[in-house]
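All values below were derived from every heavy atom in this structure, side-chain atoms included, with hydrogens, water molecules and symmetry-related copies excluded. Just so it is clear, the structure is predicted and the values come from calculations on it, not from any experiment. Below, chains carry the letters A, B, ... as their sequence lines are ordered, and counting in each starts from 1.
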Number of protein chains: 2
Amino acid sequence: MKEITSQQQRVLDCIQIYIKKTGFPPTRADICRELGFKSPNSAETHLRALEKKGFISIESGASRGISVINGESQNDSNEYPIIGLVAAGSPTLAQENIEKTISCPESFFDSDFDYFLKVKGLSMKDAGIMEDDLIAVKKTTDVRNGDIVIARMDDEVTVKYFNRKNSKVIELEPANEDFENIVVDLEHEQLHIEGKSVGLLRRN
Amino acid sequence: MKEITSQQQRVLDCIQIYIKKTGFPPTRADICRELGFKSPNSAETHLRALEKKGFISIESGASRGISVINGESQNDSNEYPIIGLVAAGSPTLAQENIEKTISCPESFFDSDFDYFLKVKGLSMKDAGIMEDDLIAVKKTTDVRNGDIVIARMDDEVTVKYFNRKNSKVIELEPANEDFENIVVDLEHEQLHIEGKSVGLLRRN
DNA sequence: AAAAATACTGAATATATGTACAGTATAATA
DNA sequence: TATTATACTGTACATATATTCAGTATTTTT
């Protein structure tokens, strides 16, 4: 296996993190979005280079037909990505927000989980969630009132208490007096539940 | 999670096997090919049923945007004991104080550590340390002002901010208005530093 | 010094793919 | 009994996506 360049490594990391988070590989356009390229061909050429060097395989003609060839611990690796919570901008996967990954047992929290989310701000301070804490996020839309959820409205991602008022209205409640409740009318606004918190990790 | 029908189970199996084999999820047409359906809508309706029942999630508009909600299990690495913070008695490794153990990598926190301490009370609430949180404790007496320490006076163990006033006086400061500072005069009282916090773990 | 690899932008296009619509039929449920 | 869920076939179409072609520029290798 030939040497990998730093840019190619970024692309490879991007692919692996994308798969870990979404469950399926990225398109050329997805890679461009994550890494800031402006032409799909930028991703294409990197992919071909990575294929040539044996890091990935590409199924010709198939959409998202990228498969990472990993000799190490490819299947159930215990590596979980840390994803930065950005107040605005592209939803949570921007490459520059990804710190690194954490190796950790799958049964580490009571429920299994998918990735760590790095917290910005103090809107959940009274729930004991502080800046730079890592929330263990389980990807699910099955959330209940009182759950701490990771919610996305347009391109803004927030962590809040989930509270369904009725079939049309959901309230996202902070745990900090200085912040206001967010009321979402599902008939006029879109709310996407990315997942819920199943644990927290803080490293001093 | 509702009951799954046998046909839906076949589709779910098909998806998982396809991912395992190729590294990416199948299209509707792929599922039809695998299971012998003749219309992509056969796959579509099954997918929607599986989504509705919570077995998969589907990213709208994205090709191969299927993600199986689930998780296998396996783990390795070291065992760390969880020790209850008891009002009387020091947090020793005495068998009777050990509630259970957690498997976790050695380099999990920035510093290495020795055991988990289960928190009682809310005296450190404003530091984001809540009841039943697990503090990763490194056994050491080398602590500095501002460190969160595990301190023992007589038989009482507490978690507080460490603040040395001078050679004879140490203040133990809670992070909660409802609690008072503890001033320790080393000439008249004994203070034993059991260790310091190097991280925190919370399991919802 | 020439060739090849790397690292991109930008535009164009064939096709791969999700998804809606129109049907048919049977079993389960209220 | 009416309604809903399950389980399909078949057609159609907008768009998501891979992929090619034409460039530019820098670095590395031969």
Using side chain to side chain donor-acceptor pair (under 3.5 Å) as the criterion, list what pairs up with [X], not counting sequence neighbours.
X: A:D110; answer: none
X: A:S39; answer: none
X: A:E173; answer: A:N163
X: B:D178; answer: none

Within the distance-only criterion (no hydrogens, no angle test), does the side chain of [X] pair as donor or acceptor with the backbone N or O of [Y] below 3.5 angstrom?
X: B:D13; Y: B:R10; answer: no
X: A:E189; Y: A:D185; answer: yes
X: B:N145; Y: B:R164; answer: yes
X: A:N166; Y: A:K168; answer: yes

Is [X] salt-bridged to [Y], cutoff N-O under 4.0 Å?
X: A:D114; Y: A:K20; answer: no
X: A:R202; Y: A:E131; answer: no
X: A:D132; Y: A:R203; answer: no

Where along residues 57-67 of chain A does a heavy atom fall under 4.0 Å from DNA chain D?
->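 Hits under 4.0 Å, by residue number: A:S60, A:G61, A:A62, A:S63, A:R64.
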Among residues 37-44 of chain A, which contact DNA chain C at a heavy-atom distance under 4.0 Å?
-> A:F37, A:K38, A:S39, A:N41, A:S42
Indicate the atoms forming the closest heavy-atom contact of B:C32 with B:P40, along with that distance.
->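 Smallest interatomic distance, heavy atoms only, reads SG-CA, 3.6 Å.
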Under the salt bridge (charged side-chain N to carboxylate O under 4.0 Å, His left out) test, which residues partner A:D126, sequence neighbours left out?
-> none
Partner set under salt bridge (charged side-chain N to carboxylate O under 4.0 Å, His left out) for A:E44, not counting sequence neighbours | A:R28, A:R48
First-last contacting nucleotides on DNA chain D - partner chain A, under 4.0 angstrom, heavy atom | D:dT17 to D:dA22
In short, the helix from C:dA1-D:dT30 to C:dA30-D:dT1 is bent end to end, axes from five pairs each side, to 10°, by 40°
Set of residues satisfying side-chain contact (heavy atoms from CB on, under 4.5 Å) with respect to A:I182, sequence neighbours excluded | A:M153, A:K160, A:L172, A:V184
Outermost nucleotides of DNA chain C that come under 4.0 Å of a non-hydrogen atom of chain A =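 Under 4.0 Å from chain A, the extent on DNA chain C is C:dT6 to C:dT17.
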Would you kindly compare B:T45 and A:T27 by the position of their nearest DNA chain D nucleotide and give the one closer to the 5′ end?
->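 Here B:T45 is the residue nearer the 5' end.
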Give one of base, sugar-phosphate or nothing for A:R48, where a contact means two heavy atoms less than 4.0 Å apart.
->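 Since only primed, P, OP1 and OP2 atoms lie under 4.0 Å of A:R48, the category is sugar-phosphate.
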